[in-house]
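Just so it is clear, the values below take in all heavy atoms, side chains as well, and ignore hydrogens, waters and symmetry mates. Computed from a predicted structure; not experimentally measured.
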Amino acid sequence: MNPRPVSCSFYIRTPAENGQFYYDRVNIGSPHADGKLHTSDVPQIGDLLHLWDTLKKQGGKYEVVARQWLHSSYGSTNWPVLEPQPTVGTLLELVVVPAEDIFRNQVLRPEEEDDDA
C-alpha cells in the first residue's frame with residue numbers, strides 16, 4: 001500500500017448542447033503548487049464539498065458525482081524500476097456538479113418563528 005496522500009483533481013461538470021458537458025478544472029491552492037488537493041481522506045460519491053479556485057478566485061458548493069482512480073505503473077516515472085513503492089500518491093479525478101447547501105429548503109418551526117417576534 002502506498003503511504004503517500006492521494007492527489008485529488010476536481011472538475012466541475014456543466015451542461016453543454018446535445019446532452020454533452022463542459023468540464024472545468026478547479027485549481028486548489030496547496031504548497032505543492034499543482035492545483036490538487038493532497039489528502040488521505042478522499043471525497044466519496046455523494047459528498048458535498050466547498051471548493052475554491054485560487055486562480056479564478058471563485059468557488060461554491062458541489063456534489064461529487066463520479067470518481068476515477070489513476071494508479072502508477074511499475075517502471076513509470078512515478079514508480080521507477082527497483083523502487084518498492086510509487087514515488088507519488090495515487091491520483092484521483094473527481095467530477096462535481098453545483099449543489100445546494102445540506103439544509104435545502106429549510107424553514108423555521110412555528111414555535112421558532114414566535115421566538116423571533
Side-chain angles (χ1 to χ4, degrees):
M1 183 171 148
N2 190 349
R4 301 184 192 289
V6 175
S7 298
C8 300
S9 295
F10 295 92
Y11 298 86
I12 300 171
R13 181 173 74 189
T14 53
E17 294 180 14
N18 300 322
Q20 297 178 316
F21 298 96
Y22 298 109
Y23 292 90
D24 298 302
R25 184 157 184 247
V26 179
N27 288 287
I28 305 292
S30 80
H32 303 279
D34 61 1
K36 298 175 183 174
L37 173 66
H38 297 257
T39 181
S40 58
D41 187 21
V42 299
Q44 304 294 313
I45 291 176
D47 281 353
L48 297 178
L49 310 168
H50 181 84
L51 299 174
W52 180 258
D53 190 308
T54 56
L55 296 180
K56 295 178 184 172
K57 302 210 182 310
Q58 63 187 27
K61 290 184 174 60
Y62 299 92
E63 180 178 356
V64 178
V65 295
R67 303 184 330 161
Q68 175 173 274
W69 292 94
L70 304 165
H71 296 276
S72 298
S73 297
Y74 183 74
S76 69
T77 303
N78 292 336
W79 192 352
V81 174
L82 303 180
E83 289 293 326
Q85 298 284 332
T87 58
V88 298
T90 304
L91 303 176
L92 178 61
E93 294 179 326
L94 298 107
V95 175
V96 298
V97 295
E100 295 179 36
D101 192 65
I102 61 171
F103 301 105
R104 295 175 180 102
N105 301 321
Q106 180 182 18
V107 296
L108 294 175
R109 291 187 177 87
E111 61 271 14
E112 292 174 339
E113 290 178 358
D114 293 339
D115 291 343
D116 293 339

Subject >> Residues clustering with Trp79 (ILVMFWY side chains joined when closer than 4.5 Å, directly or via others) >> reply: Tyr74, Val81, Leu82
Original post:
For the atom pair OG1 (Thr90) and CG (Leu70), what is the distance rounded to the nearest 0.5 Å?
Top reply: 9.0 Å
Just distance, no hydrogens or angles: give the donor-acceptor pairs under 3.5 Å from side chains in residues 13-20, sequence neighbours left out.
none

Subject >> Heavy-atom closest contact (Ser76 atom, Ser72 atom, distance) >> reply: OG-CB, 4.2 Å
Original post:
Can you find a heavy atom in the side chain of Val95 that is under 4.5 Å from one in the side chain of Phe21?
Top reply: no
**OP:** Report yes if some heavy atom in the side chain of Arg4 is under 4.5 Å from a heavy atom in the side chain of Pro86; otherwise report no.
**Re:** no
Original post:
Tell me the ring-ring contact (aromatic ring centres under 6.0 Å, His included) pairs involving residues 36-67, sequence neighbours left out?
Top reply: His32-His38
Subject >> Nearest atoms (heavy-atom pairs only) where Pro98 meets Ile12 >> reply: CD-CG2, 4.4 Å
Subject >> Between CG on residue Asp53 and CG on residue Asp24, distance to nearest 0.5 Å >> reply: 9.5 Å
Original post:
According to the salt bridge (charged side-chain N to carboxylate O under 4.0 Å, His left out) rule, which pairs have a member within residues 55-72, sequence neighbours left out?
Top reply: Lys61-Asp101
Original post:
What residue among Leu37, Leu91, Val42, Val88 forms side-chain contact (heavy atoms from CB on, under 4.5 Å) with Val6?
Top reply: Val42
Original post:
Under a single-linkage definition using a 4.5 Å side-chain heavy-atom cutoff for Ile, Leu, Val, Met, Phe, Trp and Tyr, are Ile45 and Ile102 assigned to the same hydrophobic cluster?
Top reply: no
**OP:** Please check if Val64 and Val97 belong to a single hydrophobic cluster, counting links between Ile, Leu, Val, Met, Phe, Trp and Tyr side chain heavy atoms closer than 4.5 Å.
**Re:** no
Original post:
Atom CD of Gln68 and atom OH of Tyr11: how far apart are they, to the nearest 0.5 Å?
Top reply: 9.0 Å
**OP:** Would you kindly confirm whether Tyr22 and Val26 end up in one hydrophobic cluster when ILVMFWY residues are joined by side chain heavy atoms under 4.5 Å apart?
**Re:** no
Subject >> Qualifying residues under side-chain hydrogen bond (donor to acceptor under 3.5 Å, both in side chains), relative to Glu83, sequence neighbours excluded >> reply: none
Original post:
Is Leu48 linked to Phe103 within one hydrophobic cluster, defined over Ile, Leu, Val, Met, Phe, Trp and Tyr using a side-chain heavy-atom separation of less than 4.5 Å?
Top reply: yes
Subject >> Within residues 30-49 or reaching into it, pairs that qualify as salt bridge (charged side-chain N to carboxylate O under 4.0 Å, His left out) - sequence neighbours excluded >> reply: none
